[in-house]
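All remarks here apply to the structure that follows.
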Amino acid sequence: MNHNIFYISNKKTLKNKIILIINIQKDIKKELIELLINCNSKIILLEKSINKTSMYYDKLCKNKKYIYVYFIDFLIATNKDYYKFSKSIYFNFGRIDGIIYDIPKLCKQTLFEQQKLEEFYKIMNINFYTKLIIIKSLIPLIKLSKSPSIIFTTHNINIPKTYWNAYIYANTSLQILIKFLQ
């Protein structure tokens, strides 16, 4: 898979920017972190567990002044946890200039009528409701930036895969949310 999608016409555009990275795939995350560090951006990683950051441990230690890591378990977090996270960002950084957020798939390909409601709920929760709550809690911080950006990465849902079910619903819901944010 080719991820040479990171092109910056002028590195100064990202200098001293505060970028929140949430749930990005590991192969993209490595390139993205290196790019942002080379541009002298500050990076906030929001991760589910320490295990996800272990592969970046060396890079994190070398660049402590550029990278900050927060942990929230997206499956059990409440609105209060996300607002607490937002408050922590405000006290430590004062604003957020950009958010980069990946949408994981997390679903077994199955017929709609065979998909368990618990799995459907989990997929909708991780792929839509969590993003809605996080973005809503961070809007005041984004508004403090002179040129804010929110980037969602996802699979191409214009060509839905057979049996993706809840993932398709979550992505469609997210696209509607994005329209409201514009």
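No hydrogens, no waters, no symmetry mates; every other heavy atom, side chains included, goes into these values.
For the atom pair CD1 of I142 and OG of S149, the computed distance is 8.0 Å after rounding to the nearest 0.5 Å. For the atom pair CD1 (I19) and CZ (F93), the distance works out to 11.5 Å, reported to the nearest 0.5 Å. Once rounded to the nearest 0.5 Å, the distance linking CG of L141 with CZ of R95 reads 10.5 Å. Separating the CG atom in L14 from the CG atom in D97 is a distance of 9.0 Å, to the nearest 0.5 Å. For the atom pair NZ (K131) and CD1 (I22), the distance works out to 8.0 Å, reported to the nearest 0.5 Å. In this structure, CD1 on I76 lies 9.5 Å from OG1 on T78, to the nearest 0.5 angstrom.
Tracing side-chain contacts under 4.5 Å through hydrophobic residues (I, L, V, M, F, W, Y), one never reaches Y121 starting from I134; they form parts of separate clusters. In this structure, F91 is not a member of the same hydrophobic cluster as Y83, with clusters built from ILVMFWY side-chain heavy atoms closer than 4.5 Å.
Within 6.0 Å of atom OH in Y70, more than 12 heavy atoms from other residues, nucleotides or ligands are found, so the atom counts as buried in its surroundings.
Side-chain contact between L46 and F85: present, with at least one pair of heavy atoms (C-beta onward) separated by less than 4.5 Å. Side-chain contact check for I21 versus I44: every heavy-atom pair is 4.5 Å or farther apart. The closest side-chain heavy-atom distance from Y90 to L144 is below 4.5 Å. Side-chain atoms of L20 and I100, non-hydrogen and from C-beta on, never get closer than 4.5 Å to each other. Considering only heavy atoms from C-beta on, K17 comes within 4.5 Å of S147 through its side chain. Between T130 and Y101, some side-chain heavy-atom pair lies under the 4.5 Å cut-off.
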Starting from the C-alpha separation in whole Å, work towards a yes-or-no answer on side-chain contact (heavy atoms from CB on, under 4.5 Å) for Y82 and K87.
-> CA-CA 9 Å; Y82 294 117; K87 193 183 243 185; over 6 Å; no
List the steps, then state whether side-chain contact (heavy atoms from CB on, under 4.5 Å) holds for I96 with S145.
-> CA-CA 6 Å; I96 293 178; S145 176; over 6 Å; no
Show your working on side-chain contact (heavy atoms from CB on, under 4.5 Å) between I43 and I37 and close with a plain yes or no.
-> CA-CA 8 Å; I43 303 165; I37 288 172; 3.8 Å; yes
Apply side-chain contact (heavy atoms from CB on, under 4.5 Å) to the pair N16 and K42, showing each step before the final yes or no.
-> CA-CA 6 Å; N16 298 320; K42 290 184 181 175; 5.8 Å; no
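Among all heavy-atom pairs drawn from S137 and S86, the shortest one is O-OG, 2.7 Å.
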